[in-house]
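These numbers come from the heavy atoms of this one structure, side chains and all, not from hydrogens, waters or symmetry mates. Order of the sequence lines sets the chain letters (A, B, ...), proteins ahead of strands, with each chain counted from 1.
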Protein chains: 2
Amino acid sequence: MNVINASPRRKELTRLAAQLFVQEGFDRTTVRMLAQEMGIKSGSLFHHFRDKQEILAAVIEEGTQNALNIAHRALELAGDDPDSRLRAMARAHLETLFTDRNAHVVALFEWRRLDPSARAHLSHLRDAYEALWVEVIDEALEAGLIHGDRFLVSRFILGALNWTVRWYDPGGSRSPDDLADELVFMIMPKTP
Amino acid sequence: MNVINASPRRKELTRLAAQLFVQEGFDRTTVRMLAQEMGIKSGSLFHHFRDKQEILAAVIEEGTQNALNIAHRALELAGDDPDSRLRAMARAHLETLFTDRNAHVVALFEWRRLDPSARAHLSHLRDAYEALWVEVIDEALEAGLIHGDRFLVSRFILGALNWTVRWYDPGGSRSPDDLADELVFMIMPKTP
DNA sequence: TGTTCACACTAGCGCTTGCTTGGTTATACA
DNA sequence: TGTATAACCAAGCAAGCGCTAGTGTGAACA
């Protein structure tokens, strides 16, 4: 089952939905609120989406697909050096996290609201993304740049990065790239 | 406004509520579900709590208060060495996170559902807890054990630790203490 | 010119929600 | 024995929920 956002109209509606889902949470966002934000009546909403569930799936698919694309591109540009690959991956993660912030916050915190079939489909996308991380971290471990268990290290790094959505202020003095570099510096202080 | 859990009965009800809030999320947990889990009828619930909001506040207060107690005790036992204080704090964090797991998951992910007055009251508790962290991290920075910006370092560490509730399996081979030590090792590999 | 189709509307159905009301029961204390 | 109190129940209200049915409308295409 593919939930792709074919029409530009639907893509725009999905963007608006993501914003409301972040503001209010999925459960507290009613179809009437969604419709009003979109400038239509609540009944008309079901011309574009089969049900409320499908809107959620569309939001999350959009965000995850973008994350995957950005990470792939970043790794292609980064070359072979494990150090710069790790840094590139951290930067890419925060880049997508804050350009598609709404979609990612929904993906991170409303995942459990997905029904089983949508979850199965989207799990593949997410797994593909995490596989990139594991690869880069393995390289850094082998090169002796960082230390510890590969599984734990990747969880800790992703946790630290994902948690930034709870406190980071994009309007502040620090750029997302600064943040990424600081994290890499923290776990890998001796850049040779 | 104090929301303390005076009676043992209410304390038990709060514990049950925490479990349901984790399982279903606050919004999807109905007062009828709560009552059934407690073995009473939905109307009777409002004898113990003014409204659904107050149950949420009670859950979060319980968890945060415990975290604060445990951290204080851990720091008293840890002595003066910045290294062991940082380690003790990380261990204490994961200890409370997994002994009061339900309450903490609710505190972390349903915080926004609190109404303003409850939030104001509970913010103080949370701030007191985070102040302990900032103190310990400052000491470790001054001692040269870890590197980076004090604000960012504390956010990254807390993020990595809090995110463990999303993937850590208490039934597995690793103890929470192992986890804490691994994180400290990752950011502070050269124990002198 | 007639037909189709995307998109929107109005109206409301069936159900669930948090919470209230008025009354009952068991236990403790005077 | 009489009274207070904590804990509970049965019944239901008003509001809000996701979603459906049936209809109207303007642009695109034959």
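- With sequence neighbours excluded, the residues satisfying ring-ring contact (aromatic ring centres under 6.0 Å, His included) with A/F26 are A/F21.
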Once Watson-Crick and G-U wobble pairs under 3.5 Å are found, how is DNA chain C written in dot-bracket notation, 5' to 3', with | for any base paired to another strand?
-> .||||||||||||||||||||||||||||.

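- For DNA chain C, the span of nucleotides reached by chain B at under 4.0 Å from its heavy atoms goes, 5' to 3', from C/dT17 to C/dT20.
- Regarding B/H47, its NE2 atom lies at a distance of 5 Å from the C1' atom of D/dA7, rounded to whole Å.
- Not a single side-chain contact (heavy atoms from CB on, under 4.5 Å) links A/A120 to another residue, sequence neighbours left out.
- Side chains of A/H93 and A/Y129: a donor on one and an acceptor on the other come within 3.5 Å.
- The distance from atom CD of A/E24 to atom C1' of D/dC17 is 15 Å, rounded to the nearest whole Å.
- For B/F46, the ring-ring contact (aromatic ring centres under 6.0 Å, His included) criterion is met by no residue, not counting sequence neighbours.
- In this structure, B/L45 places its CG atom 13 Å from P of D/dA7, rounding to the nearest Å.
- Residues satisfying the salt bridge (charged side-chain N to carboxylate O under 4.0 Å, His left out) test with B/R113, not counting sequence neighbours, are B/D27.
- By the side-chain contact (heavy atoms from CB on, under 4.5 Å) test, B/S44 is found to be paired with B/I40, B/K41, residues two or more places apart in sequence or in another chain being considered.
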Summarise protein proximity over nucleotides 18-28 of chain D in one line of letters, 5' to 3': B for base, S for sugar-phosphate only, - for none, counting protein heavy atoms closer than 4.0 Å.
-> BBB--------

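- Remark: A/E12 engages A/R15 in a salt bridge (charged side-chain N to carboxylate O under 4.0 Å, His left out) (not counting sequence neighbours).
- Looking at heavy-atom distances under 4.0 Å, B/K41 makes contact with sugar-phosphate atoms alone, never a base.
- Remark: A/E135 engages A/R85, A/L132, A/E139 in a side-chain contact (heavy atoms from CB on, under 4.5 Å) (not counting sequence neighbours).
- Applying the salt bridge (charged side-chain N to carboxylate O under 4.0 Å, His left out) test to A/D138 and every residue at least two apart in sequence or in another chain returns A/R150.
- Every residue two or more places apart in sequence or in another chain that forms a side-chain contact (heavy atoms from CB on, under 4.5 Å) with A/F151 is listed here: A/D149, A/R155, B/W167, B/R174.
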